[in-house]
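These notes are about the structure you will find just below.
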Amino acid sequence: MKSPLLSLPGAVPGEGLDEGVAAHYGDLFREQRALADGTGFVDLSHRGVVTVSGADRLSWLHLLLTQHVSELPPGQATEALILSAHGHIEHALYLVDDGETTWAHVEPGSQGGLIAYLESMKFFYRVDIADRTDDYAIVHLPAGSITDAPEDAVVRETPHGRDLFLPRARLTEFAEASGPPIGVLAYEALRVEAHRPRVGLETDHRTIPHELGWIGSAVHLQKGCYRGQETVARVQNLGKPPRRLVFLHLDGSEVKLPSHGAPIRLASEGEEGRQLGFITSSARHHELGPIALALVKRNVPVDAELIADTTAAAQETVVEP
């Protein structure tokens, strides 16, 4: 879905997962600083929006999601995963309930698969599932923003800022009143800095929640009754995940950032050494310089110097080995 805000001055379209919204509006670092200072807004209108309404919505979702939501209070934000039968991550949902409807935004284009799964699990429960992507756009206001949310928007407030489920017809009007607009590259740089994983980038077909640090924030260990729970419990109680998320400080002398999927190796073994992992996200940060997240084998020493493709990288631990 192409955002109308791509017509704003200086807008450069995003690519890949973020196609359809602006990557930036002409000054990446200025936009990052504004976002870090709590000003402006980010157009995330390419993300999918799914709602679940009905008397049984929370108790039913509680059976399907990794998060404890059966008693989720109105207005309280949470996040949850849907796993495969083998415990691999399929969807991440960013949730809030307004007292009558549970709202979730998900990765762009993934709402169809999510809804198909939810529909297959309705059985006799009193729930109604809807794709509201055509009707609502996600807009992000950073932490510290004093911008008022429109009365007809559903607000999901987190430590990182507020996600607004804004009527899509009002997106241009909101932008005119709430600038400056900030591109998704700035938003992504701060996400990488905060070590927050994203489905489709930090995940592949075999990623489990423990590898990305999603235990606790998106996976509640004191509940059961969801698909993939056996894997979560087994790894939590009896073992360690095979891989772990790390944060990388990249060599700033390199012109090009390593791309998603770029191999990670020990610097001591050089570019022909064994592949120990891969880059999941990379960004240029306004203070830290080039940074990245990567998924590496659990037994990679935490103090090992690495190379990402051909770029030297020093690691910080995100998930303990």
Side-chain angles (χ1 to χ4, degrees), residues 1-3 13-23 42-53 57 60-61 63-67 69 77-97 101-122 127-140 154 156 158 160 163-166 168 171 184-185 187-188 191-192 196-209 211-214 217-219 226-228 232 245 260-261 280-281 293 295:
M1 184 169 291
K2 186 175 180 180
S3 172
E15 299 177 346
L17 277 179
D18 294 320
E19 183 180 0
V21 295
V42 184
D43 175 13
L44 299 177
S45 62
H46 60 320
R47 293 184 64 81
V49 176
V50 175
T51 60
V52 181
S53 56
R57 68 190 183 283
W60 176 72
L61 285 169
L63 299 175
L64 304 179
L65 304 180
T66 58
Q67 187 58 273
V69 297
T78 192
E79 57 187 77
L81 307 176
I82 288 180
L83 308 180
S84 73
H86 298 292
H88 302 138
I89 297 168
E90 292 189 347
H91 298 279
L93 292 76
Y94 300 87
L95 300 156
V96 69
D97 191 87
T101 299
T102 302
W103 297 75
H105 65 82
V106 297
E107 290 299 329
S110 69
Q111 63 270 21
L114 172 61
I115 289 172
Y117 172 66
L118 295 178
E119 288 285 354
S120 74
M121 301 300 290
K122 281 177 67 171
V127 293
D128 292 301
I129 306 154
D131 182 350
R132 305 302 303 277
T133 309
D134 288 344
D135 305 318
Y136 284 85
I138 302 300
V139 173
H140 176 76
V154 176
R156 178 179 179 273
T158 76
H160 304 287
D163 296 337
L164 309 184
F165 293 80
L166 181 73
R168 190 170 289 274
L171 184 57
V184 73
L185 285 182
Y187 179 84
E188 283 291 285
R191 178 186 69 81
V192 172
R196 289 185 287 140
R198 183 176 175 188
V199 169
L201 292 176
E202 275 62 57
T203 65
D204 58 18
H205 67 284
R206 58 192 180 96
T207 307
I208 61 175
E211 296 177 322
L212 302 183
W214 251 326
S217 62
V219 178
Y226 61 88
R227 189 175 66 177
V232 170
L245 189 69
H260 174 76
T280 60
S281 299
L293 293 173
L295 203 56

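This is a predicted model, so every value here is computed, not measured.
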Kindly indicate, with the supporting measurements, whether the criterion side chain to side chain contact (heavy atoms under 4.5 Å, CB included) is fulfilled by Glu202 and Leu295.
CA-CA 7 Å; Glu202 275 62 57; Leu295 203 56; over 6 Å; no

Locate the shortest heavy-atom distance separating Ala137 from Leu171; write the atom from each residue and the value.
CB-CD2, 4.3 Å

For side chain to side chain contact (heavy atoms under 4.5 Å, CB included), just list the numbers for Leu65 and Leu95, CA-CA rounded to whole Å, side-chain angles, deciding distance to a tenth of an Å, and then say yes or no.
CA-CA 11 Å; Leu65 304 180; Leu95 300 156; 3.9 Å; yes

Donor-acceptor contact present, side-chain Arg57 to main-chain Thr51, <3.5 Å:
no

Closest non-hydrogen atom pair between Tyr94 and Arg156, with its separation
C-NE, 3.4 Å

Heavy atoms only: give me the nearest Leu166-Val139 pair and the separation to one decimal.
CD2-CG2, 4.1 Å

Is a donor on one side and an acceptor on the other found under 3.5 Å between the side chain of Ser45 and the backbone of Ser3?
no

Inspect the contact between Arg196 and Glu79 and indicate whether a charged nitrogen and a carboxylate oxygen are less than 4.0 angstrom apart.
no

Is the number of heavy atoms from other residues, nucleotides or ligands under 6.0 Å of Glu90 CD greater than 12?
yes

For the residue pair Tyr226 and Leu83, what are the closest heavy atoms and their distance?
CE1-CD1, 4.0 Å

Check for a donor-acceptor pair, side chain of Ser281 on one end and backbone N or O of Leu293 on the other, with a separation under 3.5 Å.
no

Side-chain heavy atoms of Glu188 within contact of Asp18, under 4.5 Å
yes

Step-by-step side chain to side chain contact (heavy atoms under 4.5 Å, CB included) determination, Met121 to Leu63:
CA-CA 10 Å; Met121 301 300 290; Leu63 299 175; over 6 Å; no

When His140 is tested against each of Asp163, Thr158, Asp43 for side-chain hydrogen bond (donor to acceptor under 3.5 Å, both in side chains), which residue passes?
Asp163

Report the C-alpha distance between Phe165 and Ile138 in whole Å, list the side-chain angles of each, state the deciding distance to 0.1 Å, and finish with yes or no for side chain to side chain contact (heavy atoms under 4.5 Å, CB included).
CA-CA 5 Å; Phe165 293 80; Ile138 302 300; 3.4 Å; yes

Please find the pair of heavy atoms, one from Leu201 and one from Thr280, that lie closest to each other, and give the distance.
O-CB, 3.3 Å

Minimum-distance pair of heavy atoms, taken over all atoms of Thr133 and Gln111
OG1-NE2, 3.4 Å

State the OG1-NE2 distance between Thr203 and His205, to the nearest 0.5 angstrom.
11.0 Å

